Number of protein chains: 4
Amino acid sequence: MGAKERKRVPRAVREQEMLDAAVESFARHGYRAASMDDIAEAAGVSKPLVYQYLHSKEELFTACVRRESATLISAIREATGLEAGQVMPADRQLWNGLCAFFAHTAAHPHGWAVLHQQARTQGEPFATQVAVLRAEMVEVVTRLIGSAAQDAGCDGALAAREVSGLAHALVGSAESMAEWANSRQSDPPSPKETAATLMSLCWPGLENLLNGVRWKPTR
Amino acid sequence: MGAKERKRVPRAVREQEMLDAAVESFARHGYRAASMDDIAEAAGVSKPLVYQYLHSKEELFTACVRRESATLISAIREATGLEAGQVMPADRQLWNGLCAFFAHTAAHPHGWAVLHQQARTQGEPFATQVAVLRAEMVEVVTRLIGSAAQDAGCDGALAAREVSGLAHALVGSAESMAEWANSRQSDPPSPKETAATLMSLCWPGLENLLNGVRWKPTR
Amino acid sequence: MGAKERKRVPRAVREQEMLDAAVESFARHGYRAASMDDIAEAAGVSKPLVYQYLHSKEELFTACVRRESATLISAIREATGLEAGQVMPADRQLWNGLCAFFAHTAAHPHGWAVLHQQARTQGEPFATQVAVLRAEMVEVVTRLIGSAAQDAGCDGALAAREVSGLAHALVGSAESMAEWANSRQSDPPSPKETAATLMSLCWPGLENLLNGVRWKPTR
Amino acid sequence: MGAKERKRVPRAVREQEMLDAAVESFARHGYRAASMDDIAEAAGVSKPLVYQYLHSKEELFTACVRRESATLISAIREATGLEAGQVMPADRQLWNGLCAFFAHTAAHPHGWAVLHQQARTQGEPFATQVAVLRAEMVEVVTRLIGSAAQDAGCDGALAAREVSGLAHALVGSAESMAEWANSRQSDPPSPKETAATLMSLCWPGLENLLNGVRWKPTR
DNA sequence: TATGAATGAGTGTTCATTCAT
DNA sequence: AATGAATGAACACTCATTCAT
């Protein structure tokens, strides 16, 4: 009687439902403020069941981070052709990566909020997890800079530390734009527009640097 | 015996000591995880005294954010010459602002962490406070782009929305580099190095855009 | 080992046990001085369970007041025949009501103390709740005076405000006697004795008033 | 400079000011909820000064109760001629006492609230203090009934316990009417009206009882 | 006479987590 | 597979009270 009781559902499915509810709750209220009660209720199950499957709040959050990280990074990898070993000019590669990134963060705002706003700021052990994601994104960019350097025939013009700094700058600007784009309720820019603006801003400087041209304070 | 008992100290001084302790605690553990007990102990006073002066956890955090925001933004304003109404070429202005920014965030890492990692992610009413700070930084950049456009004799080449996007990208990349610089325990880049890398990355693209030159996906 | 651990018990039962403990604690120590810790311990459960079921100290107290009010007023209503619509001479009705009242307050001294000593004096919102109870008792008395007036064929001899005053005087004297009776540890008067004394004191004056006879200061 | 600082004031005066503030605060918020901070502020002095003069919250409250009790009971004593040893018919004496009582409680509502609503309900040691006041009022009434009995030439018609019950009923009805009168914001009855209503209600029954006439349940 | 500075002890409330079914 | 019943530990906040001046 009543449509209240959900049917018995296989574990794998229930787990995903729980993760969906948790991601939304963590995004909305933050890691600490989100309560297991709320998450369980949002998932339409009882709290003990959440514990049976995900064991603890920490593990639950970890699972969220892992899932969201994986889908994001694989979207980027696929777009940049790293998965398939395709060959592409570096700017094309960066452009594709950025488009994929902005498209994904726009499509999954809660997941992105969990990664960017929550996990990074909750101290260990979560910061490390996101650091891994970030490292992968930075690595993509780093590799990209490397192959661009080869194309330009000017390997070694940049110190490793400077490359690291550049990669963080690029990733940071992308993150910032993603948040900006998501927060514009009305008239939000399309992923491609956003990517184009960022390419226009950064690609010339990047090419310059690869050719040894750098900005200097005038006198 | 022992240095346990602090002398009676005027209120204004004690308040600053409390804010120091609170900023560090919030930076280390996050807003929710930092406990008033810990903060009071770190400040060397009893909890009721903290409440007598700062009234609540929320107001305490707000006071931290306000203080750290104020010192940061005034450092930037001073460096960019906005306070004194000086005239400077746009790139020089940007360069000075970035140097001040990286110097300040390096000198006050906890304060920066509170602003960038904590306040932004704790929802209302704190997000709004940091949004104000960010808006001021974005405004500085926006104004700067405007004056650069005038210098280049090409006003109006950029839509307002694109300028907004660019400003967010620039601010985001700076924030990201500040965090990266702070997190490099060994061999940390100097504020000037960091600023130089970022200028090299972004200035060429900015100049291009002001001249109507933008990156386009090849074919 | 030991009878410490109580069995798992259905919610409805536990709630009543909690209310029992709370009523006693509130009666003994007063609303403010009674602590949730004590109440939980007296109920043989942990504090969180009390909160799970009753939500807050205020709601817990409210629930106590509601329960005690309900049992008292229904005892009176039943005795005066208001429930069943019986017809009775007014003095008989008053007599029955008083007997029920004194019997109930003697049987539930803690409940009575919560209503009479605590709820009334703790300001809003509790005062209102007891005001409702009192209003019901006053209304019973008022109706009773009205029907007595009809019996005496002298409707309208008393102003509404004076009836209100009389009702409060009657209710107040009953309340006072209930407390007096409860506080006599040794040789306590039976409910019927108490009721008889009060009837002897008040009924003649009431009859006089209905016939327009009132006391006047001599000369 | 500024009219902020109150002049140095003799101790006796300051103490009365403190008691005034305390009585009002206790009446408004209740014993527990009234805070020493509020009371000190309302009295226009610092908290340590309150402690210097009144020693503790408990002693402060005790002093309030004592002062309010004393003024009330002496008003009654004076009115009933007990102080001066005057001779008066019993009904006249009761009438005078009631008038004095209702006049006093109407003139000092906060003091009456402290006695009737707060002190009685805060458990020991305050309940005892008010019990003393009540005992004095009951004693006045008891003596009055005794002298009325002599007048009527029918000593010993009433058992001591019944007299005690009657006295509590009378006192209770007076208390209840005082509260009722004080709580009627608009169109409040004058003390004399209130007293007249109560006399009309109770005196006939009292006379009857002294003559051995009592109410009996019919059949 | 009078006070700003400071605290120990306690209160109501919440939450992640487990047990028995 | 799933849950109602139950708790230990912590947290924000308040208050009566004292000390140093």
Side-chain angles (χ1 to χ4, degrees), chain A residues 5-11 13-14 32-40 44-60, chain B residues 5-11 13-14 32-40 44-60, chain C residues 5-11 13-15 32-40 44-60, chain D residues 5-11 14 32-40 44-60:
Chain A
E5 54 268 18
R6 312 274 319 269
K7 280 299 184 46
R8 303 231 158 179
V9 158
R11 171 160 183 161
V13 174
R14 265 283 140 85
R32 304 272 311 203
S35 84
M36 296 296 271
D37 278 276
D38 296 346
I39 292 170
V45 298
S46 73
K47 221 174 2 165
L49 195 57
V50 178
Y51 276 88
Q52 213 165 108
Y53 287 174
L54 279 314
H55 314 310
S56 75
K57 195 184 188 180
E58 206 172 305
E59 281 191 46
L60 169 58
Chain B
E5 56 269 15
R6 311 276 319 268
K7 278 305 186 48
R8 303 232 158 178
V9 157
R11 174 169 181 155
V13 174
R14 265 284 138 84
R32 304 276 309 209
S35 85
M36 294 298 270
D37 279 278
D38 295 347
I39 291 170
V45 298
S46 71
K47 211 175 11 166
L49 197 57
V50 179
Y51 276 90
Q52 210 165 116
Y53 288 173
L54 278 314
H55 312 310
S56 75
K57 194 183 190 183
E58 203 171 308
E59 280 192 46
L60 170 58
Chain C
E5 56 270 14
R6 312 274 320 266
K7 279 306 189 46
R8 305 234 157 178
V9 157
R11 173 168 181 156
V13 174
R14 265 284 138 85
E15 272 190 16
R32 303 276 308 209
S35 86
M36 295 297 271
D37 279 279
D38 296 347
I39 292 169
V45 298
S46 71
K47 210 170 19 160
L49 196 57
V50 179
Y51 275 88
Q52 208 166 118
Y53 288 174
L54 279 314
H55 313 308
S56 74
K57 195 182 189 183
E58 203 171 310
E59 280 192 47
L60 169 57
Chain D
E5 54 267 19
R6 311 277 317 269
K7 280 300 181 48
R8 303 231 156 178
V9 157
R11 170 159 184 164
R14 265 281 142 84
R32 303 273 312 203
S35 84
M36 295 297 270
D37 278 275
D38 297 346
I39 292 169
V45 298
S46 73
K47 222 176 0 167
L49 196 58
V50 179
Y51 276 89
Q52 214 164 106
Y53 288 174
L54 278 316
H55 313 309
S56 76
K57 194 183 190 182
E58 205 171 309
E59 282 191 46
L60 169 58

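Everything numeric here is computed off the predicted structure, so don't read it as measured data. Chain A is the first sequence line, chain B the second, and so forth, proteins listed ahead of strands; every chain is numbered from 1.
Rounded to whole Å, the distance from CZ on Arg32(D) to P on dT14(F) is 16 Å. Distance, Met36(A) CE to dT18(E) C1': 12 Å, rounded to whole Å. Remark: C1' of dA6(E) and OH of Tyr53(B) are 8 Å apart, rounded to the nearest angstrom. In this structure, the CG atom of Asp37(D) is 16 Å from the P atom of dT7(E), given to the nearest Å. Following rounding to the nearest Å, Glu59(C) (CD) and dG12(E) (C1') show an atom-to-atom distance of 14 Å. The nearest whole Å value for the distance from the CZ atom in Arg8(C) to the C1' atom in dT3(F) is 11 Å. Regarding Tyr51(B), its OH atom lies at a distance of 16 Å from the P atom of dG8(E), rounded to whole Å. Atom CZ of Arg11(B) is separated from atom P of dT3(E) by 17 Å (rounded to the nearest Å).
Along DNA chain F, the nucleotide nearest to Gln52(C) and the one nearest to Gln52(B) differ in position, and the one closer to the 5' end is contacted by Gln52(C). Residue order along DNA chain E, read from the 5' end via each residue's closest nucleotide, puts Asp38(C) first among Pro48(C) and Asp38(C). Nearest-nucleotide assignment on DNA chain F puts the 5′-proximal partner with Val45(A), out of Val45(A) and Lys47(B).
Under 3.5 Å, the side chain of Lys57(C) and the base of dT13(E) form no donor-acceptor pair of N or O atoms.
When the side-chain nitrogen and oxygen atoms of Arg14(D) are compared with OP1 and OP2 of dA2(E), one or more of them lie within a distance under 4.0 Å.
dA20(F) is paired with dT3(E) under the Watson-Crick or G-U wobble criterion, all donor-acceptor distances under 3.5 Å. When both pairing distances are held under 3.5 Å, dC15(E) makes a Watson-Crick or G-U pair with dG8(F).
Summarising the geometry, atom CG belonging to Leu60(C) is positioned 8.5 Å from atom OH belonging to Tyr51(C); distances are rounded to the nearest 0.5 Å. In this structure, Lys47(D) NZ and Met36(D) CE are separated by 8.5 Å, a value rounded to the nearest 0.5 Å. Once rounded to the nearest 0.5 Å, the distance linking CZ of Arg32(D) with NZ of Lys57(D) reads 7.0 Å.
Within the nucleic acid shown, Ala34(C) comes within 4.0 Å of sugar-phosphate atoms alone, with no base atom in reach, counting heavy atoms only.
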